[in-house]
Amino acid sequence: MKKSNYPSVLLIYTGGTIGMIENPETGALEAFDFDQLIENVPELKRFNCHINSYQFSSPIDSSDMEPALWAKLVKIITENYDLYDGFVILHGTDTMAYTASALSFMLENLSKPVILTGSQLPIGMLRTDGKENLITSVEIAAAKHPDGTPIVPEVCIFFENHLLRGNRTTKINAENFNAFRSYNYPILATAGIHIKYEYDKIHKADPALPLKPHYVYDTNVIVLTLFPGIQENLIRNVLQTPGLRAVVLKTYGSGNAPQKPWFIQALKEATERGIVIVNISQCPTGMVEMGRYETGLHLLDAGVVSGYDSTVESILTKLMFMLGHGKSAEEIRQLMDVPIAGEITKA
Ligand code: ASP
């Protein structure tokens, strides 16, 4: 292939372990410069691909990631959209699944790959997982079908040999290289000697539709996890928080919750005040079915809506996205049924 025909990838460095180095005085890992990071991966120069980079002026640990920075990523991708064939975002693993979920909603009509990756060990360390993750992510971001269209036109996380749909992914391991899992949607590709794509599972984009970036969000949302013995005053206090607009209720099993009258009443009063309450399960695998047990039916009566098989990261960012667009509680309740970017399984 002629060099001028090489695909081009924009590498966006936000921070995270992949680019960290040990502070010799404190022993803590701190973010370091992108050029130093790239020096540790000379292999990138051997790619049949043009790679340019953009780095956050102060790289962050992803625990400091914020919706305003999701909007910044959307802006960077939008401004560079026509110049590149794909995008790789280097990101800390801790909140990577939130960023991937948010971007999947904020980049409407995306028809190019946006691949998030990072590592569990800094790239300068001998046994780092960062090199493989970075190199394969670039390869996926540049990969095209024979007709020139991108193979993976969606927001994904690539980690430890697996390509996963971003808004289906959860961090599950703080130690092992195998840190992410997509419980309710199949793997999109596996990297071995070759990268094996599961073409029928990958989103089909329409490149004729122009990218529509979204920058608005509303963070007046909370996650409430049920547990046996949860107290009425605590639940009532949460639901009466001034400004609260939506609650992700993490229930048991297939979407079940206590039947105590005070509990159902507290939820009912909140939904009547215009708070959207979405039911997702504490079980990472499977789907909320509120009609299955009586304990779930009470929730339906209280106006709670199903989050189907959403991850917590996906449902939370989807609510922020919808609330930010000024949708009413009733509209949002109805729209919970409709996948925006393949984030729920609907028969
Ligand atoms: N604390 C780091 C972060 O999320 C962990 C990592 O990158 O793996 O930024």
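As the structure is a computational prediction, the values presented were derived from the model and not from experiment. Because only heavy atoms are used, hydrogens play no part in the values below, and waters and symmetry mates are left out as well, while side chains stay in. When a ligand or atom number is given, it counts from 1 through the structure's own listing order.
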Checklist entry - What about Asp94: any of its N or O atoms under 3.5 Å from an N or O on ligand 1? => result yes
Item to check | Nearest-option assignment for atom 5 (C) of ligand 1, heavy atoms, candidates Ile60, Leu121, Asp64, Thr17 | outcome: Thr17
Checklist entry - Do you see a donor-acceptor pair shorter than 3.5 Å between the side chains of Asn279 and Thr251? => result yes
Item to check | Flag for Asn167-Ser314: side-chain donor and acceptor within less than 3.5 Å | outcome: no
Item to check | Per atom 2 (C) of ligand 1, closest listed option by heavy atom (Leu90, Ile18, Asp61) | outcome: Asp61
Next on the checklist: Run Phe180 and Phe159 through ring-ring contact (aromatic ring centres under 6.0 Å, His included) and show every step you take.
Outcome noted: CA-CA 7 Å; Phe180 288 91; Phe159 220 87; 5.0 Å; yes
Item to check | Pair His50 + Tyr84: ring centers closer than 6.0 Å | outcome: no
Checklist outcome for this item: Among non-hydrogen protein atoms, atom 8 (O) of ligand 1 lies closest to Thr93 OG1, 2.4 Å
Checklist outcome for this item: Only one of Ile344, Asp309, Ile315, Thr311 passes side-chain contact (heavy atoms from CB on, under 4.5 Å) with Ile280, and that residue is Ile315
Next on the checklist: Suppose I only count heavy atoms of Gly16 and a 4.0 Å limit; which atoms of ligand 1 are within that range?
Outcome noted: 7 (O), 9 (O)
Checklist entry - Which protein non-hydrogen atom lies closest to atom 4 (O) of ligand 1, naming both residue and atom, and how far is it? => result Ser62 OG, 2.5 Å
Checklist entry - So is His91 polar-close to ligand 1, meaning N/O to N/O under 3.5 Å? => result no
Next on the checklist: Once you restrict to heavy atoms under 4.0 Å, what part of Ser119 touches ligand 1? Side chain, backbone, both or neither.
Outcome noted: backbone
Item to check | Contact summary for His214 and Phe105, nearest pair of heavy atoms | outcome: CD2-O, 3.9 Å
